[in-house]
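Numbers for residues simply follow the sequence, beginning at 1. This is a predicted model, so every value here is computed, not measured.
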Amino acid sequence: MPVRAIGSPRMADVTARNDFALLLGAEPRELEELLSRARRRRFSPGEVVFHAGDPADTLHLVRSGHFAVRITTEYRATATINILGPGDAFGELALLSPGAPRSATVAALEEGETLSVHEIDFGRLRAQRPEIDGFVASLLAGRVRGLSEQLVEALYLPVDTRVRRRLLHAVAVYGAVEPGAVVPLTQEELASLAGTSRATVNRVLREEQELGTVALTRGRTTLLDPEALERRARGL
């Protein structure tokens with residue numbers, strides 16, 4: 001299904017305030033100008049925003065829904081390296097390296113909407129507000145820290161612990177880590193996040209269900225006892 005671009009939104013239709021972490025610090029007039037040039041794009045569940053290797057000339061600001069950032073290994077396995085939700089951004093790295101291709105594939109996990117900002121318009125805002133570069137650098141530094149943590153987990157932590165930590169991470173992305181929080185991800189998607197097999201994720205989640213920390217339904221995991229799950233995720 002093709003992506004639906006539905007025109008430039010009015011500022012009042014986008015947000016009553018700046019909800020995008022990447023654009024914190026932008027003056028209201030500059031923010032309005034930038035967002036007035038953005039294209040509102042809607043995506044269906046499973047729909048790809050762009051593929052790794054595609055030409056890159058746009059930044060995406062997430063208005064609604066959640067998006068998976070994926071890479072394909074040399075063995076043709078797919079790994080999910082991040083999940084992004086409302087207020088997040090993706091595609092910013094390519095805007096800072098003109099001519100660079102997309103480094104990962106991004107796909108919608110559910111119905112979602114982004115504001116697509118062209119590199120020319122984003123470059124104009126950077127020229128007007130040099131401090132935006134600081135926010136971009138901070139965002140990228142956070143991404144690097146997150147990837148470093150995942151690498152350490154993959155190299156040194158037992159797989160059961162990785163599954164529990166990735167589940168808690170997913171809970172945080174979808175909302176607060178509290179009793180009743182729901183993660184609408186399949187076990188296959190959680191396995192991709194944890195770098196393991198669906199069978200392993202199923203086993204760990206079944207164990208947690210028996211311990212009363214989660215409840216499992218088709219394609220959804222409900223958190224019942226976050227404190228107990230966090231203790232096991234820390235190896236306590």
Side-chain angles (χ1 to χ4, degrees), residues 1 3 21-22 41 43-62 65-112 114 116-117 119 122 136-174 183-202 204 219 221:
M1 179 183 296
V3 176
L22 180 63
R41 311 191 71 160
F43 300 90
S44 301
E47 193 169 358
V48 173
V49 181
F50 52 71
H51 292 276
D54 285 351
D57 62 359
T58 53
L59 161 75
H60 286 264
L61 304 169
V62 182
H66 291 81
F67 296 80
V69 182
R70 296 170 175 147
I71 59 172
T72 301
T73 71
E74 60 181 302
Y75 302 106
R76 310 308 299 170
T78 299
T80 300
I81 59 176
N82 208 352
I83 294 177
L84 303 173
D88 288 327
F90 57 85
E92 71 287 341
L93 184 59
L95 295 187
L96 301 180
S97 304
R102 298 295 189 189
S103 60
T105 296
V106 176
L109 291 169
E110 67 247 12
E111 291 282 347
T114 71
S116 174
V117 181
E119 62 179 342
F122 188 67
V136 175
S138 178
L139 174 67
L140 295 178
R143 298 271 168 84
V144 171
R145 283 194 298 270
L147 290 174
S148 296
E149 290 172 1
Q150 287 179 257
L151 178 60
V152 170
E153 289 180 5
L155 291 175
Y156 298 108
L157 291 183
V159 65
D160 290 21
T161 301
R162 290 207 312 271
V163 171
R164 293 183 178 100
R165 290 193 179 189
R166 291 301 94 198
L167 175 59
L168 286 169
H169 170 75
V171 172
V173 170
Y174 275 89
V183 179
L185 297 178
T186 67
Q187 292 183 10
E188 191 70 41
E189 289 164 339
L190 286 173
S192 182
L193 272 173
T196 187
S197 67
R198 181 187 178 282
T200 297
V201 169
N202 181 266
V204 174
T221 303

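- A pairwise comparison of heavy atoms in A68 and T80 identifies CB-CG2, 4.2 Å as the closest pair.
- T186 places a side-chain N or O within 3.5 Å of a backbone atom of E189 that can act as its donor or acceptor partner.
- When all heavy atoms are compared, the tightest approach of A104 to I71 is CB-CG2, 3.9 Å.
- Here the side chains of V183 and H169 are not in contact, with every heavy-atom distance at 4.5 Å or above.
- In this structure, OG on S192 lies 10.0 Å from CD1 on I81, to the nearest 0.5 angstrom.
- Between T105 and T72, the closest side-chain pair of non-hydrogen atoms is not below 4.5 Å.
- In this structure H66 satisfies the ring pair (Phe, Tyr, Trp, His ring centres under 6.0 Å) test together with Y174, sequence neighbours excluded.
- Residues V201 and A191 share a closest heavy-atom pair of CG2-CA, 3.5 Å.
- In this structure, the side chains of V204 and L167 stay at 4.5 Å or more apart for every pair of heavy atoms.
- Within the 4.5 Å cutoff, the side chain of L185 has no heavy atoms near those of the T221 side chain.
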Could you walk me through whether N82 and F90 pass the side-chain contact (heavy atoms from CB on, under 4.5 Å) test, one step at a time?
CA-CA 10 Å; N82 208 352; F90 57 85; over 6 Å; no
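- Salt-bridge annotation for R165 and E149: absent, with no side-chain N of the basic residue lying under 4.0 Å from a carboxylate O of the acidic one.
- Contact annotation: the side chain of V106 never approaches that of L84 to less than 4.5 Å [non-hydrogen atoms, C-beta and beyond].
- Residues passing the salt bridge (charged side-chain N to carboxylate O under 4.0 Å, His left out) test with D160, sequence neighbours excluded: R203.
- Partners of R70 under the salt bridge (charged side-chain N to carboxylate O under 4.0 Å, His left out) rule, at least two apart in sequence or in another chain, do not exist in this structure.
- Closest of all the heavy-atom pairs between F43 and A108 is CB-CB, 3.8 Å.
- Between G65 and P86, the shortest heavy-atom contact is O-CD, 3.3 Å.
- Here the shortest heavy-atom pairing between G46 and A107 reads O-CB, 4.3 Å.
- The line from CZ of R198 to CD of Q187 is 4.5 Å long, rounded to the nearest 0.5 Å.
- The distance from atom CG of D88 to atom CD1 of I83, rounded to the nearest 0.5 Å, is 11.0 Å.
- Looking only at distances, no side-chain donor or acceptor of R41 sits under 3.5 Å from a matching main-chain atom of T114.
- Between the side chain of R102 and the main chain of F50, no donor-acceptor pair closer than 3.5 Å is present.
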